[in-house]
Structures are given as C-alpha cells and as structure tokens.
Amino acid sequence: MSRSQRPVLVVIAHGSRDPRHAATVHALVRRLRALRPGLRVETGFLDFNVPSVQGVLASLDAEGVRDVVALPLLLTRAFHAKSDIPAELRAAPSRMRVRQADVLGPSPLLTAALERRLYEAGLTPADKSSTGVVLASAGSTDPEAIAVIAAIAREWRHTGWCAVRPAFASAALPRTEDAVRELRALGCARVAVAPYVLAPGFLPDRIARGAADADVLGDVLGPAPEVARVLLERYDAARRPQLAALGA
C-alpha cells in the first residue's frame with residue numbers, strides 16, 4: 001500500500017500546562033516516525049496545548065485527507081477514552097472517515113518499558129527477586145481502569161519480583177507512599193517505584209514525591225522504544241479491516 005493510501009495516524013494526547021508533557025509527547029512521535037518512515041503521524045491535544053484535535057482534523061480535511069486512525073495516547077480505558085475522545089471524533093469533518101484505535105495498555109511491551117526504566121534508574125535483573133515494585137499510575141474513578149492496573153501488577157509479580165503493588169496518584173487508593181511502606185513491611189530488601197505514566201506533569205510529580213522513601217524511582221515511560229511499538233500495533237489493528245478489503 002502506498003503512503004497516500006495509508007490512513008493518517010493522529011495521536012491524541014491529553015495535554016498539560018507543564019511544558020515537559022508536550023515535549024515528551026513530541027519525542028515519542030518522533031520515535032514513532034523513525035520506526036515507520038512512510039507513515040504520516042500528526043499530534044492533537046485534548047486540552048492546554050496546540051494543535052487541538054479539531055484543529056488537526058480540520059487541517060487534514062482541507063488537504064483532502066479522507067482516512068484517519070485516531071490513537072488515544074492513554075494507558076487505560078477510562079473517561080477520556082470512553083467519552084471525551086469519541087465526542088471529539090464525532091465532530092470530525094463529515095467527509096473524513098475516522099477510526100478510533102484502542103488505548104495502549106495493557107501490553108507486554110509496556111511492562112518491558114517499565115522494566116527498562118527501572119534498570120536505567122539503577123536496578124539490575126539480579127535485583128528482581130529481592131525488590132518490591134510499586135506500579136504507580138495516575139488513578140481514575142473508572143472501576144475498569146483500576147482493575148486493569150491491579151491485574152498488571154499481579155501478572156508482573158509472576159516475572160520474578162519480590163512483590164508488586166499497584167498505587168494511584170489520584171481518585172483511588174493506595175497512594176504511592178503507602179505502597180512503599182507496605183513493601184518495606186513485607187520484607188523486600190529494596191523498593192522501587194515504576195511510574196505507569198506516559199509523560200511528566202502534575203500527577204507524575206505527585207508519584208515522585210510519594211517515592212521519597214523508595215530506593216529507586218523509574219522515569220516516566222515517555223519515548224521508550226517499546227511504547228512506540230505499541231502505538232504501531234494499535235494503528236495496524238485499527239486499519240486491518242481496510243487491509244482485508246484491499247486484499248492486502
């Protein structure tokens with residue numbers, strides 16, 4: 001399939017007043033473009049940053065683009081994925097076909113990215129059996145999203161860590177600092193905090209403060225190569241019906 005026939009990928013990020021957020025999103029998109037040079041990728045923000053989602057879609061429509069895959073830059077299916085983004089996409093130009101891809105998580109690639117960040121922060125594979133990990137997410141009022149985080153923690157524990165506990169920066173409990181204390185009480189020789197967030201901002205900073213008594217704090221997932229690969233997986237899955245129709 002030629003580049004002109006491929007749907008344009010529009011990455012939809014939350015947006016933030018913190019300039020580190022947009023910078024990290026753009027770094028991730030650059031890595032994505034490097035992985036698949038023939039794919040056109042644009043970025044739109046729900047709030048705080050430009051261009052807006054509607055601005056990106058209107059610009060593409062003016063160019064004559066008629067096929068778009070909109071990919072939520074989100075780790076769980078919560079309010080933004082279920083409500084905000086579908087509402088934005090329903091307001092897309094009428095001549096444009098827009099398909100919403102799945103959110104990024106859960107994915108074994110994201111778990112690999114979490115481990116990458118912990119090893120970059122100083123752990124080694126030999127430390128796993130004696131290290132307890134706090135899987136620290138932003139938090140949500142959506143029970144489905146909370147259950148997914150808890151399931152990821154249970155599955156990650158089976159890869160050899162001393163223990164893995166979920167924690168949340170908002171809307172749900174426990175907080176990061178409480179999970180750190182629990183792992184200390186459990187007898188883990190060291191405690192690491194793995195932020196399950198994509199970009200810096202207010203809630204990731206809260207996670208970092210809650211990790212003050214931990215031994216290791218991983219960086220946000222950001223432009224990790226595994227994250228970029230998940231984006232491509234979600235894009236490809238969203239466009240499979242088109243490929244089948246073309247006999248590709």
## Note on the structure
Of all heavy-atom pairs linking Ser137 and Phe168, the shortest is OG-CD2, 3.1 Å
### Query
Same cluster for Val69 and Leu231 if Ile/Leu/Val/Met/Phe/Trp/Tyr side chains link at under 4.5 Å?
yes
### Task
Compare every heavy atom of Ala199 with every heavy atom of Pro204, then report the nearest pair and how far apart it is.
CG-O, 3.2 Å
### Message
Same cluster or not: Val50 versus Val56, using hydrophobic residues (I, L, V, M, F, W, Y) connected whenever any side-chain heavy atoms lie under 4.5 Å apart?
### Response
no
### Task
Would you please say whether a donor-acceptor pair under 3.5 Å links the side chains of Arg206 and Ser170?
no
### Query
Sub-3.5 Å donor-acceptor pair from the side chain of Lys128 to the main-chain atoms of Cys162, do we have one?
no
### Query
Short question: side chain of Arg234, backbone of Leu104 - any donor-acceptor pair under 3.5 Å?
yes
### Message
Within this structure, what is the CD1-CG distance for the pair Ile146 and Leu173, rounded to the nearest 0.5 Å?
### Response
9.5 Å
### Message
Under 4.0 Å between a side-chain nitrogen and a carboxylate oxygen: does that hold for Glu144 and Lys82?
### Response
yes
## Note on the structure
Val10 and Gly44 have their tightest heavy-atom pair at CG1-N, 4.5 Å
### Query
Under 4.5 Å between side-chain heavy atoms, hopping through other hydrophobics if needed: is there a path connecting Leu35 to Leu110?
yes
### Message
Other residues, nucleotides and ligands only: do more than 12 of their heavy atoms fall within 6.0 Å of CZ on Arg17?
### Response
no
### Query
Do Trp161 and Ser129 have side chains that get closer than 4.5 Å, going by heavy atoms?
no
### Query
Is Glu42 salt-bridged to Arg40, going by a charged N under 4.0 Å from an acidic O?
yes
### Query
Does Gln100 reach the side chain of Ile85, with side-chain heavy atoms less than 4.5 Å apart?
yes
### Query
Are Leu109 and Ile152 in one and the same hydrophobic cluster, where Ile, Leu, Val, Met, Phe, Trp and Tyr link if side-chain heavy atoms are under 4.5 Å apart?
yes
### Task
For the pair Thr159 and Glu115, evaluate side chain to side chain contact (heavy atoms under 4.5 Å, CB included) and give the outcome as yes or no after the intermediate values.
CA-CA 11 Å; Thr159 66; Glu115 293 207 4; 3.8 Å; yes
#### Entry: Interatomic distance, Leu46 atom CG to Ser16 atom OG [nearest 0.5 angstrom]
12.5 Å
### Message
Tell me whether Arg6 is salt-bridged to Asp236, with the criterion being a basic N under 4.0 Å from an acidic carboxylate O.
### Response
no
### Salt-bridge contact Arg181-Asp178 (side-chain N to carboxylate O under 4.0 Å)
yes
### Message
I need the minimum non-hydrogen distance between Leu183 and Gly132, along with the two atoms involved.
### Response
CD1-C, 3.6 Å
### Task
Enter the distance from Glu233:CD to Asp102:CG here, rounded to the nearest 0.5 Å.
11.5 Å
### Task
For the pair His14 and Phe48, name the ring-plane relationship: parallel under 30°, tilted 30 to 60°, perpendicular over 60°.
tilted
### Task
Verify the cluster assignment for Val216 and Leu135: are they in a single hydrophobic cluster under the rule of side-chain heavy atoms below 4.5 Å apart?
yes
### Task
Applying side chain to side chain contact (heavy atoms under 4.5 Å, CB included), run through Val68 and Arg99 and close with a yes or a no.
CA-CA 6 Å; Val68 168; Arg99 285 165 285 179; over 6 Å; no
### Query
Is it true that a side-chain atom of Arg97 and a backbone atom of Ser94 form a donor plus acceptor pair closer than 3.5 Å?
no
### Message
For Gly201 versus Arg20, what's the shortest heavy-atom pair and its separation?
### Response
N-NH2, 3.8 Å
### Query
If only atom types and distance count, is the side chain of Gln54 paired as donor or acceptor with the main-chain N or O of Glu88 below 3.5 Å?
yes
### Message
Is it the case that the side chain of Ser83 and the backbone of His80 share a donor-acceptor pair, with hydrogens and angles ignored and the cut-off at 3.5 Å?
### Response
no
#### Entry: More than 12 heavy atoms of other groups within 6.0 Å of Asp213 CG
no
#### Entry: Salt bridge flag under 4.0 Å for residues Asp142 and Arg77
no
### Task
Please check if atom CZ in Arg229 has more than 12 non-hydrogen atoms from other residues, nucleotides or ligands closer than 6.0 Å.
no
### Query
Is the centre of the His26 ring less than 6.0 Å from the centre of the Phe45 ring?
yes
### Query
Are the side chain of Arg165 and the backbone of Glu182 linked by a donor-acceptor contact shorter than 3.5 Å?
no
### Task
First locate atom CZ of Arg116, then atom CD of Glu120, and finally report the distance between them rounded to the nearest 0.5 Å.
6.0 Å
### Summary
Output for pair (Ser52 OG, Ile12 CD1), nearest 0.5 Å, gives 10.5 Å
### Query
Does Val8 reach the side chain of Asp67, with side-chain heavy atoms less than 4.5 Å apart?
no
### Query
Quick check: does any side chain N or O of Asp215 sit under 3.5 Å from a backbone N or O of Val191, one acting as donor and the other as acceptor?
yes
### Query
Taking all non-hydrogen atoms of both residues, which atom of Ala163 and which atom of Leu186 are closest, and how far apart?
CB-CD2, 3.6 Å
### Query
Sub-3.5 Å donor-acceptor pair from the side chain of Arg117 to the main-chain atoms of Val220, do we have one?
yes
### Task
Would you check if Thr24 and Leu198 make a side-chain contact, meaning some heavy-atom pair closer than 4.5 Å?
no
#### Entry: Check: Tyr235 and Arg36 side chains under 4.5 Å, non-hydrogen atoms
yes
### Query
Within a strict 4.5 Å, meaning less than it, do heavy atoms of the Val11 and Val41 side chains meet?
yes
### Task
Would you check if the side chain of Ser59 reaches a backbone N or O of Gly55 as a donor-acceptor pair within less than 3.5 Å?
no
#### Entry: Heavy-atom check, side chain of Leu75 versus side chain of Leu221, under 4.5 Å
yes
### Task
Carefully, step by step, assess Ile207 and Val193 under the rule side chain to side chain contact (heavy atoms under 4.5 Å, CB included).
CA-CA 8 Å; Ile207 290 171; Val193 174; 4.0 Å; yes
### Task
For residues Thr43 and Leu73, determine if any side-chain heavy atom of one lies less than 4.5 Å from a side-chain heavy atom of the other.
no
#### Entry: Derivation and outcome, side chain to side chain contact (heavy atoms under 4.5 Å, CB included), residues Thr131 and Leu118
CA-CA 11 Å; Thr131 300; Leu118 291 179; over 6 Å; no
